[in-house]
Amino acid sequence: GAVVSQHPSWVICKSGTSVKIECRSLDFQATTMFWYRQFPKQSLMLMATSNEGSKATYEQGVEKDKFLINHASLTLSTLTVTSAHPEDSSFYICSARDPGIFYEQYFGPGTRLTVT
Amino acid sequence: AQRVTQPEKLLSVFKGAPVELKCNYSYSGSPELFWYVQYSRQRLQLLLRHISRESIKGFTADLNKGETSFHLKKPFAQEEDSAMYYCALYAGNMLTFGGGTRLMVKP
């Protein structure tokens, strides 16, 4: 099946700094990618939908100026957490939509962000 | 708006016992429903989709539109089935996940 990678898998940063997380579809082109946030022992919450070549669509309550999403190519989407604070510490997961099956999504392994 | 509810956060059974993980949804249109599984330290992966009416790793799920349910079942649980299970609804161009159920299969 299709593979989605994320980098880094784990990052620790100081409060006030910015962190960029990459999401790549390795063997298929993804016009649409999704970014989720998962708190410990909780479910995935969709943050935003990223469409190649256009602006991301953010879910209600997600600050678009804080969580910058760029989807510049068909295989790469990035999430930048700007001016990170300890409450931004979480597990961030991306997924990419299979272009052949509109509802099929493949998930990355996730990135654990810890803000100190 | 769509909503997915998994009433049990934790389900603990003995090996060989039947398993049923409950999922209820609310959606005004025709639902596309899925079960995803997340094994320890692994990524989320699709287990099965209602549209395929398939059985994966012995698991089945039937969509009951009258009860708005999509419960996941397996007649004989195995220890390797221990994982987090998420029910998800595809609608409005996005997946909405339930809260998840942790299944623990004891030897």
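Every chain is numbered from 1 and lettered A, B, ... according to where its sequence line falls, protein lines coming before strand lines. Computed from a predicted model, the values in this text were never measured in an experiment.
Ranked by non-hydrogen atom pairs under 4.5 Å with chain A, the options B/Ala88, B/Gly100, B/Gly98 are led by B/Gly98.
Within a 6.0 Å radius of OH in B/Tyr39, other residues, nucleotides and ligands contribute more than 12 heavy atoms.
Here CZ of A/Phe34 is found 7.5 Å from CG of A/Asn51. Values are rounded to the nearest 0.5 Å. In this structure, B/Tyr85 OH and B/Gln38 CD are separated by 11.5 Å, a value rounded to the nearest 0.5 Å.
With respect to the salt-bridge test (charged N to carboxylate O, under 4.0 angstrom), the residues B/Lys57 and B/Asp81 do not qualify. Using a 4.0 Å cut-off between a side-chain N of Lys or Arg and a carboxylate O of Asp or Glu, A/Glu22 and A/Lys20 do not qualify as a salt bridge. With respect to the salt-bridge test (charged N to carboxylate O, under 4.0 angstrom), the residues B/Asp62 and B/Lys73 do not qualify.
Taking 4.5 Å as the heavy-atom cut-off, the residues of residues 107-116 of chain A that approach chain B are A/Phe107, A/Gly108, A/Pro109, ordered by number.
When heavy atoms are compared at a cutoff of 4.5 Å, A/Leu44 approaches chain B by way of both its backbone and its side chain. Heavy-atom distances place the side chain of B/Leu46, and not its backbone, under 4.5 Å from chain A. With a 4.5 angstrom heavy-atom cutoff, B/Phe97 touches chain A via backbone and side-chain atoms both.
Taking the centre and axis of the six-membered ring of A/Tyr58, the NZ or CZ atom of A/Lys64 falls outside the cone set by 45° and 6.0 Å.
Side-chain N/O atoms of A/Ser77 and A/His71 include no donor and acceptor closer than 3.5 Å.
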